[in-house]
Number of protein chains: 2
Amino acid sequence: MEDAGQGIDWRSVCPISSALDVLGDKWSLLIIRDLLMHGPRTYTQLLGSGEHISTNILATRLNLLVSLKLIERMVPDAKARNNAFRVTESGAALRPILDAFAGWAQTYLDEFHADMLKIV
Amino acid sequence: MEDAGQGIDWRSVCPISSALDVLGDKWSLLIIRDLLMHGPRTYTQLLGSGEHISTNILATRLNLLVSLKLIERMVPDAKARNNAFRVTESGAALRPILDAFAGWAQTYLDEFHADMLKIV
DNA sequence: CCGCATCCGTTACGATACTG
DNA sequence: CAGTATCGTAACGGATGCGG
C-alpha cells in the first residue's frame with residue numbers, strides 16, 4: 001500500500017482541523033511520545049508501553065503514521081522483525097506540543113486525576 | 001450530572017496520556033478553537049462551524065468539557081437558550097497548542113493536503 | 001518467538017427525526 | 001434554540017492464528 005493522504009478524509013482546509021484529522025485520536029500521539037522518549041522502538045516494545053494498545057490498533061496506526069511520514073523504519077527495506085520505528089523530522093517536530101500537553105495536564109487536570117505524575 | 005473526572009477512564013499516570021484522555025478525539029479541540037477564534041458561541045453557532053459535527057456529539061462533548069472546566073456557560077444559572085459557551089482559563093491555556101498544531105500541519109501536512117490554508 | 005492479520009463482541013460515532 | 005432518541009455504521013479491543 002503506497003497511498004498517503006488518500007487514507008485521510010480531510011474535514012476542511014483549516015490546518016488545526018487537518019492536524020486533528022491525523023493526530024486526533026487516543027493513540028497516535030502516544031506512539032510518538034514513546035519514540036521521542038525512548039528512541040527507536042520495535043513493534044513489541046511499543047505494545048508494552050504502560051497504556052495497553054491492542055495489536056491490530058498498533059499495526060494500523062503505525063502504517064498510517066508511516067504513510068504520512070511522521071515515523072519510519074530504521075532499515076527501510078529490511079524485514080519487519082526487530083526493525084524498529086523512529087520519528088522523522090515531522091514526528092520530532094511534535095515534541096514541543098507533547099511537552100505543552102504535559103504541562104497543561106499537570107496544571108489543569110490535577111483536580112480530576114490526583115494520581116497523575118507531577119514531574120516529567 | 002455533577003460528576004467530573006469520573007467520566008474519564010485515565011489510562012495511566014502519564015500527563016501526556018491524561019491530556020489525550022480528555023482531548024484525544026477529533027472534536028474537542030475544534031470546539032476550543034472556535035471559542036478561541038470567535039469568542040463566546042452558542043450551541044447553534046458551534047454547529048455551523050465549517051466541519052460538520054452532529055448535534056448529539058456536540059452536546060456530549062460540551063457536557064464533558066464543562067464538567068472538566070475547560071469551558072463554561074456565560075450565564076451559569078440561566079436557561080440554555082442563547083446562553084453561549086466560552087473558554088475558561090483552562091481552555092484558554094490551550095491556545096499555544098492549537099497554534100503549534102496549525103504551524104505543524106502547514107509545514108508537514110502540505111504534501112498530503114494541498115488545499116489546506118497556508119496562512120491563519 | 002516477532003510482527004502482524006483475522007475474527008468477533010462491544011463501544012463510540014454520525015445522520016436524521018423528534019421534543020420542550 | 002438547544003438539545004434528546006433512535007438506529008445504522010465504523011472504530012476499538014481482546015483473543016487467536018499464522019507465516020517467517
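Since the structure is predicted, the reported quantities are computational estimates derived from the model, not experimental observations. In what follows, chains are A, B, ... by sequence order, proteins preceding strands, each numbered from 1.
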Side chain of A:Trp104, backbone of B:Ser90: donor and acceptor closer than 3.5 Å?
yes
To the nearest Å, how far apart are [X] [atom1] and [N] [atom2]?
{"X": "B:Leu47", "N": "C:dT16", "atom1": "CG", "atom2": "P", "answer": "13 Å"}
{"X": "A:Arg73", "N": "C:dC2", "atom1": "CZ", "atom2": "P", "answer": "15 Å"}
{"X": "A:Tyr43", "N": "D:dG20", "atom1": "OH", "atom2": "P", "answer": "17 Å"}

Which residues share a side chain to side chain donor-acceptor pair (under 3.5 Å) with [X], sequence neighbours left out:
{"X": "B:Arg41", "result": "none"}
{"X": "A:Tyr43", "result": "none"}
{"X": "A:Ser49", "result": "A:Asp34"}
{"X": "B:Thr44", "result": "none"}

Run the salt bridge (charged side-chain N to carboxylate O under 4.0 Å, His left out) test against A:Arg73 and tell me which residues pass, sequence neighbours left out.
none
Of all pairs that satisfy side-chain hydrogen bond (donor to acceptor under 3.5 Å, both in side chains), the ones with a partner from residues 79-88 of chain B, not counting sequence neighbours:
B:Glu72-B:Arg86
Could you pull out all donor-acceptor pairs under 3.5 Å where a side-chain atom in residues 54-62 of chain B meets a protein atom, sequence neighbours excluded?
from: B:Ser54; atom 1: OG; to: B:Asn56; atom 2: OD1; distance (Å): 3.1
from: B:Thr60; atom 1: OG1; to: B:Asn56; atom 2: O; distance (Å): 2.9

I need a per-nucleotide contact map over nucleotides 5-19 of chain D, read 5' to 3'. Cutoff is protein heavy atoms under 4.0 Å; write B for the base, S for backbone only, - otherwise.
BB-----SBBB----
For the side chain of B:Thr44, starting at C-beta, report the closest nucleotide among C:dC4, D:dC1, D:dT4.
D:dC1
To 10°, what angle do the rotation axes through the five end pairs on each side of the helix from C:dC1-D:dG20 to C:dG20-D:dC1 form?
30°
